[in-house]
Amino acid sequence: MKKSIASLLVLLSLAFFFPTIAMATDYPIKVGEKLANGVANAVTGVVEIPKTMMITGRNKGATYGMTAGFFIGIVHTLGRSLTGALDIATFLVPTTPIVNPAYIWDDFNRETTYTAWRMR
């Protein structure tokens with residue numbers, strides 16, 4: 001009787017710890033990816049200005065791209081750089097990137113958008 005209770009307790013404790021072990025093995029990778037994403041976005045945020053000018057110029061004309069695209073690019077520069085700094089400050093909490101595309105060089109011909117944080 002005592003042996004069966006002990007084996008049941010061991011089985012329940014193993015079932016409790018296995019999912020946390022599986023999640024813990026991915027944690028360093030997720031944290032490293034978030035830190036790298038934050039550093040890259042904080043450093044390359046300035047590239048949003050010419051990127052947005054090109055995209056806006058293609059869609060609405062060169063004059064609009066050079067004027068309005070420049071100011072929209074400044075807003076995206078601030079957005080990408082500040083979300084990168086936020087990712088650096090909170091890299092120990094693995095979340096998805098706020099800025100989309102995650103890196104400036106991913107899908108360079110798509111305008112930058114922002115989403116809510118979600119846990120990975």
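Bear in mind the structure is a predicted one, so any value in this text is a computation, not a measurement.
- The hydrophobic cluster containing Val47, built from Ile/Leu/Val/Met/Phe/Trp/Tyr side-chain heavy atoms closer than 4.5 Å, also comprises Met54, Tyr103, Ile104, Trp105, Phe108.
- Applying the salt bridge (Lys or Arg N to Asp or Glu O under 4.0 Å) test to every pair with at least one member in residues 96-110, sequence neighbours left out, gives these pairs: Asp107-Arg110.
- Going from atom CG of Asn100 over to atom OG1 of Thr113 covers 4.0 Å, rounded to the nearest 0.5 Å.
- Between Thr112 and Val99, some side-chain heavy-atom pair lies under the 4.5 Å cut-off.
- Here side-chain hydrogen bond (donor to acceptor under 3.5 Å, both in side chains) pairs that include residues 60-79, with residues two or more places apart or in two chains, are His76-Glu111, His76-Tyr114.
- Val31 is linked by a side chain to side chain contact (heavy atoms under 4.5 Å, CB included) to Tyr27, Phe91, Leu92, counting only residues two or more places apart in sequence or in another chain.
- Applying the salt bridge (Lys or Arg N to Asp or Glu O under 4.0 Å) definition to pairs two or more places apart or across chains, none involves residues 85-104.
- Considering all non-hydrogen atoms of both residues, Gly45 and Ser81 come closest at CA-OG, 3.5 Å.
- In plain terms, the two heavy atoms of Thr44 and Ala40 that are nearest each other are OG1-O, 2.6 Å.
- Of all the heavy atoms in Pro97 and Ala102, the pair that sits closest is CG-CB, 3.9 Å.
- Atoms CZ and OG1, on Arg118 and Thr96 in that order, are 4.0 Å from each other to the nearest 0.5 Å.
- A continuous path of Ile, Leu, Val, Met, Phe, Trp and Tyr side chains, each step under 4.5 Å between heavy atoms, connects Met53 with Phe71, placing both in one hydrophobic cluster.
- Each salt bridge (Lys or Arg N to Asp or Glu O under 4.0 Å) pair with one or both residues in residues 65-81, not counting sequence neighbours, appears once here: Glu48-Arg80.
- Among residues at least two apart or in separate chains, salt bridge (Lys or Arg N to Asp or Glu O under 4.0 Å) pairs with a member in residues 31-47 are Glu33-Arg120.
- By the salt bridge (charged side-chain N to carboxylate O under 4.0 Å, His left out) test, Arg58 pairs with no residue at all, sequence neighbours left out.
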*asked:* Determine whether Ile98 and Leu86 satisfy the following criterion, side-chain contact (heavy atoms from CB on, under 4.5 Å), listing intermediate values before the conclusion.
replied: CA-CA 10 Å; Ile98 296 172; Leu86 184 64; 3.9 Å; yes
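- Between the side chain of Asn109 and the main chain of Ile55, no donor-acceptor pair closer than 3.5 Å is present.
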